[in-house]
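Read the structure below first, then the notes.
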Amino acid sequence: MSENQNFMIGIIGSGPIGLECGLHALKHGYQFIIFESGDDIANNVRLWAHVQLFTPLNMNMSLLGKNLLKEEQDINAFLTGGEYIEHYLRPVSCLLQPNIRLRHRVISIGRFHTNKFIILVENKHSNCEEYFIVDCVIDASGTYNNPNFVGPSYLPAINERALRNKLPSPITYLIPHCNYEQVADKRIVLVGKGYSAATSAVFLAKVKEAYPKTQLYWIIKQPIDHLPYCINPEDPLIQRRELVASVNQIYANKNIFTEIYDKAAVTKFTLSTSSSTIDITIDSPHPTILNNIDYVIANTGSQPDRSLYANLNVHECYRTKGPMALAVKLLSSSSADCLKQTSHGTNSMLTTEKNFFIVGNKSYGKQTNFILQIGFEQINDIFKLINEQC
């Protein structure tokens, strides 16, 4: 234990995975710092604070975290992201508070001498940059705050980058959460076909019901033969099953979306000089231009921000953009269902940089079947590796 106290771990992110890493570091007596870019813990979770989780609370708690809760929780409850923060992550973070650095955004990680790392951090409190020297880095920064672009092969559509930076931007990459009145009678385009897009489609259908003059369009890159989402009547996740049923009904109802384009991609945004609306060029079997669009909801997924460790020698999978050892295991898995995922052991968490680990959603790269239970198991494996050498 005394040797552990001289071993410093830098943890990137204070979401459920980053906080769990902190709990393990505390348990084993290591020094550690948790870097959080936001003003409060779990900044990425806050971006979907209004969205209900598919999984009950008991699937989103670790044993370490559960034992810290002073108030009894309904472990079968399906919480929103915001409720998950307040009912679970907030109590867990209280124990780690002295080690959490809010408003500290990690810019880059490099090697320092032979066995240490140097981390460049933007300190928003003091409006300056700082170096931190650590023995180990655990990247638990997730992917949600690094959304994919909407263009072909996830390239930026023409002018998309400029519109991202425009304030206010007509494009959001988040699931909408606003009063119906704010988007009433507007022309709105939804892009994407994951569960986030499904959730947005349900929201937009409610807007259309309340305000029939609202005009909705949906752009999907995949070909759709009948319905966009596969129906599994035996899906054990009730919320997911109900969402699929709802969005398929919305898709089949020709009175909700004015037009749905499949096998399509956005290639260009054109900002009107005379108004705040945009024109959208769509590449599809029947190319078209949608004029005078007020809002675009781009739910096209996300991927890791690999620039953080660009100065390290991390062997990545060209297909998933995740660390190679784990990617090999994931790609050879017989099931893509998140509930059938298993931890792949300590060796799968090794990277080609000693004492550098990528954990949680980010470790899966572009794969979308990660669940928190797997992340908690990954952390157990990582600390087994760290303990072996300390």
Side-chain angles (χ1 to χ4, degrees), residues 9-23 25-26 32-53 60-62 65 68 79-109 119-132 134 137-148 164-165 167-169 171-178 196 298-299 301-309 357-364 370 372 375-376 379:
I9 302 174
I11 301 166
I12 306 173
S14 71
I17 298 300
L19 294 177
E20 182 71 9
C21 290
L23 291 181
L26 189 65
F32 66 97
I33 302 174
I34 300 176
F35 300 104
E36 170 56 64
S37 63
D39 296 333
D40 202 351
I41 62 163
N43 193 55
N44 280 359
V45 178
R46 293 180 184 285
L47 297 176
W48 49 271
H50 57 291
V51 179
Q52 188 179 47
L53 289 154
N60 302 311
M61 294 191 298
S62 71
L68 289 174
L79 305 181
T80 64
E83 290 169 340
Y84 179 54
I85 291 174
E86 298 309 322
H87 287 269
Y88 179 68
L89 298 182
R90 177 79 64 199
V92 166
S93 72
C94 289
L95 184 66
L96 306 172
Q97 208 63 50
N99 302 81
I100 298 175
R101 302 290 184 270
L102 298 176
R103 306 190 73 196
H104 280 61
R105 184 169 73 95
V106 172
I107 306 298
S108 188
I109 309 159
I119 305 177
L120 176 63
V121 176
E122 178 188 15
N123 183 340
K124 298 177 185 176
H125 279 299
S126 54
N127 196 28
C128 69
E129 294 182 344
E130 302 176 71
Y131 280 140
F132 289 81
V134 299
V137 175
I138 304 177
D139 186 349
S141 58
T143 66
Y144 196 78
N145 205 24
N146 192 41
N148 290 323
R164 265 192 180 188
N165 298 323
L167 294 176
S169 175
I171 305 176
T172 180
Y173 297 85
L174 307 177
I175 298 170
H177 179 53
C178 59
S196 292
N299 294 154
S302 57
Q303 60 178 295
D305 178 5
R306 292 139 60 220
S307 67
L308 295 184
Y309 50 84
F357 303 98
I358 302 172
V359 67
N361 197 22
K362 190 170 187 175
S363 70
Y364 270 47
F370 171 80
L372 283 173
F376 298 147
I379 296 166

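Here, residue 1 is the first one in the sequence, and each next residue gets the next number. Computed over heavy atoms, backbone and side chain alike; hydrogens, waters and symmetry mates excluded. Source: prediction; values computed, not measured.
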Report yes or no: does Lys362 contribute a side-chain atom to a donor-acceptor pair with the main-chain N or O of Arg306 at less than 3.5 Å? no
Backbone of Pro176 reached by a side-chain donor or acceptor of His50 within 3.5 Å: yes
With a 3.5 Å distance limit and no angle check, can you tell me whether His177 reaches the backbone of Ala49 through a side-chain donor-acceptor pair? no
With Asn123 as reference, evaluate Arg101, Glu129, Arg103, Glu130 under the side-chain hydrogen bond (donor to acceptor under 3.5 Å, both in side chains) test and give the passing residue. Glu130
Contacts of type salt bridge (Lys or Arg N to Asp or Glu O under 4.0 Å), residue Glu83, not counting sequence neighbours: none
Pairwise side-chain contact, Ile379 with Val359, heavy-atom cut-off 4.5 Å (strictly under): yes
Whether the side chain of Asn146 engages the backbone of Ser302 through a donor-acceptor N/O pair (distance < 3.5 Å, no angle test) should be reported. no
Would you say that Leu95 contacts Leu26 through its side chain, given a criterion of any heavy-atom pair below 4.5 Å between the two side chains? yes
Decide yes or no for Met61 and Leu372: does some side-chain heavy atom of the first lie under 4.5 Å from some side-chain heavy atom of the second? no
Just so I know, are the side chains of Ile41 and Val92 near enough to count as touching, which here means a heavy-atom distance under 4.5 Å? no
Arg90 with Asp40: basic N within carboxylate O range, under 4.0 Å: yes
Is a side-chain donor or acceptor of Tyr84 paired with a backbone partner of Asn60 at a separation under 3.5 angstrom? yes
